[in-house]
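Just so it is clear, the model here is predicted, and its values are computed rather than measured.
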Amino acid sequence: MAHIKARKLTSSQSLEGRLLFAVPKKGRLLQASLNLLEGADIQFRRENRLDIALVKNLPIALVFLPAADIPTFVGEGRVDLGITGYDQVQEHDAGVRGVARARRQSGEWSAQAGEETKPQGCDTVMELGFGACKLQVQVPVKGEYATGKDLIGKNIGTSFVHLAQEYFARLELEQEGLVDADASQIAGRKLKTKIIELSGSVEAACALGVADGIVDLVESGETMKAAGLMAIDTVVESSAILIKSKAPSNPEMVDLIAARIGGVITAQKYVLCQYNVERTRLADATKITPGKRAPTITSLEAEGWVAVSAMVEKKRIATVMDDLTLVGATDIIVLDIHNTRGSRA
């Protein structure tokens, strides 16, 4: 259906030969994802809020999808690359484990003889450095629950049904003395705890009497506090990641995009620090600014002096400048890095 819809949306332009790149269509990851694409010089125009946008300067089509659906599309090979949250990938994988367990138990888990199947699943290419949050078990502040085990047998509201099921399956098994339960025991567990699937406003479930506790994402914690909730355990720590299909249509283009995005992320973390220092104090100065691989050192016309250039983490630059001054460095300047590229090796 995704391919049919895509072709209707681009009736005058073909997707053939284009690498498909899934991007969150809304929510907390959207704007940061668009900023990352801009930094990587992926040029596109999204017409009338359509879910497909053709990239102008590369053989790529962007596909705007809900973040929760992106691991499925990438994992099934429907799209080649995707930006989503680590939490969404874990939820998808937990769902796959549950389905696989059910199919094995029902005897449906057998491909037809000689049938060639495309590799399923997705690989993480890199962390993207934004969208940090935690998927946490939350309960009313004034309630009676203090640990996850206190919620065994209770009603739990969440949009992360599969991760919640695995979390409480593990707790229930531990309660029965099976501390080192394997994945098959967890996936096949019939729960005492009732998992209630909610698609939105999960934090209101306790106040409305729908659930005794919830499993939901927490960023700043302000929404959780406003709802009168507190976190008692963490299921998954998450941030935005770049994922790829196990069988991408154009591996070379995947590598190119990954290199561009990696360069943008590095540029966001570092600045270029340049300064002059006497050669006799060079060793002390380069201990302060070793660079990513090594500093660049150039002799100056002034005898006994050198110019040094090195990448420095942004969060350390003020302290680095102070320390350089103490060892005799002069003319210290700091430059922003818009992009960078390292070796693929």
Side-chain angles (χ1 to χ4, degrees), residues 29 31-42 58 81 83-87 89 123-134 219-220 234 236-244 251-345:
L29 301 182
Q31 191 54 55
S33 297
L34 295 180
N35 293 342
L36 194 62
L37 297 179
E38 181 181 5
D41 193 32
I42 297 175
L58 290 168
L81 273 173
I83 294 175
T84 188
Y86 178 72
D87 55 295
V89 173
D123 294 325
T124 298
V125 180
M126 69 182 73
E127 296 182 4
L128 300 177
F130 62 85
C133 62
K134 296 178 180 180
E219 291 182 73
S220 66
T234 297
V236 170
E237 293 191 10
S238 180
S239 63
I241 57 175
L242 179 68
I243 58 176
K244 69 176 181 178
E252 292 77 16
M253 184 57 61
V254 168
D255 290 342
L256 174 66
I257 298 306
R260 286 194 179 192
I261 290 176
V264 174
I265 293 170
T266 299
Q268 292 171 344
K269 293 180 180 178
Y270 288 85
V271 290
L272 189 65
C273 182
Q274 298 180 332
Y275 57 90
N276 299 329
V277 68
E278 289 181 279
R279 187 174 290 278
T280 55
R281 299 183 178 184
L282 179 60
D284 291 334
T286 54
K287 286 180 182 178
I288 300 168
T289 58
K292 284 201 72 183
R293 188 184 300 272
T296 300
I297 301 169
T298 308
S299 296
L300 295 178
E301 290 293 331
E303 187 176 351
W305 284 79
V306 294
V308 180
S309 179
M311 292 173 65
V312 176
E313 286 185 284
K314 281 184 180 179
K315 63 184 180 183
R316 294 182 53 243
I317 190 59
T319 301
V320 166
M321 293 176 75
D322 294 338
D323 293 344
L324 286 173
T325 302
L326 290 176
V327 299
T330 64
D331 310 315
I332 303 169
I333 60 174
V334 177
L335 304 173
D336 285 332
I337 302 172
H338 294 290
N339 208 329
T340 182
R341 199 66 57 88
S343 171
R344 294 190 186 183

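Side-chain contact between Leu272 and Gln274 is present, with at least one heavy-atom pair separated by less than 4.5 Å. Contact check for Ile243 versus Thr84: side-chain heavy atoms found under the 4.5 Å cut-off. Side-chain contact between Leu242 and Ile261 is present, with heavy atoms from C-beta onward closer than 4.5 Å. Contact annotation: the side chain of Thr124 never approaches that of Lys244 to less than 4.5 Å [non-hydrogen atoms, C-beta and beyond]. Residues Leu335 and Val271 are not in side-chain contact: their nearest non-hydrogen atoms beyond the backbone lie 4.5 Å or more apart. A 4.5 Å side-chain heavy-atom check between Tyr86 and Val236 finds at least one atom pair inside the cut-off. In this structure the side chain of Leu282 reaches within 4.5 angstrom of the side chain of Ile297, judged on heavy atoms.
Under the 3.5 Å distance criterion, with hydrogens and angles disregarded, a donor-acceptor pair is assigned to the side chains of Arg279 and Ser299.
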Only pairs under 3.5 Å count here: list side-chain donor-acceptor contacts from residues 303-329, not counting sequence neighbours, and write none if there are none.
unit_1: Lys314; atom_1: NZ; unit_2: Gln268; atom_2: O; d: 3.3
unit_1: Thr325; atom_1: OG1; unit_2: Met321; atom_2: O; d: 2.9

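With hydrogens and angles ignored, the 3.5 Å screen pairs no side-chain donor or acceptor of Ser239 with any backbone N or O of Ala132. Distance alone, capped at 3.5 Å, is enough to place a donor-acceptor pair between the Thr286 side chain and the Ala283 backbone.
What you find for Gly263 and Asn339 is that their closest heavy atoms are C-OD1, 3.2 Å. Taking both residues in full, the closest heavy atoms of Ala240 and Leu29 are given as CB-CD2, 4.1 Å, listed atom of the first, atom of the second, then distance. Nearest heavy-atom pair across Val264 and Ala40 is CG2-N, 3.6 Å.
Under the side-chain contact (heavy atoms from CB on, under 4.5 Å) criterion, Lys134 pairs with Gln136, Thr234, Glu237, not counting sequence neighbours.
Distance check: Thr330 OG1 to Glu278 CD gives 8.5 Å after rounding to the nearest 0.5 Å. One finds the CG atom of Leu300 at 7.5 Å from the OG1 atom of Thr298 (value rounded to the nearest 0.5 Å).
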### Task
Evaluate the side chain to side chain contact (heavy atoms under 4.5 Å, CB included) criterion for residues Gln31 and Leu34: first the C-alpha distance (whole Å), next the side-chain angles of each, then the deciding distance (0.1 Å), finally the verdict.
CA-CA 5 Å; Gln31 191 54 55; Leu34 295 180; 4.2 Å; yes
### Message
Between Thr289 and Tyr275, is the side chain to side chain contact (heavy atoms under 4.5 Å, CB included) condition met? List the steps.
### Response
CA-CA 10 Å; Thr289 58; Tyr275 57 90; 2.7 Å; yes
### Task
Go through the steps for Leu128 and Ile265 under the test side chain to side chain contact (heavy atoms under 4.5 Å, CB included), then give the verdict.
CA-CA 7 Å; Leu128 300 177; Ile265 293 170; 3.6 Å; yes
### Task
Carefully, step by step, assess Arg260 and Leu58 under the rule side chain to side chain contact (heavy atoms under 4.5 Å, CB included).
CA-CA 12 Å; Arg260 286 194 179 192; Leu58 290 168; 3.6 Å; yes
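Annotation for Glu219: atom CD counts as buried by contact number, over 12 foreign heavy atoms lying within 6.0 Å.
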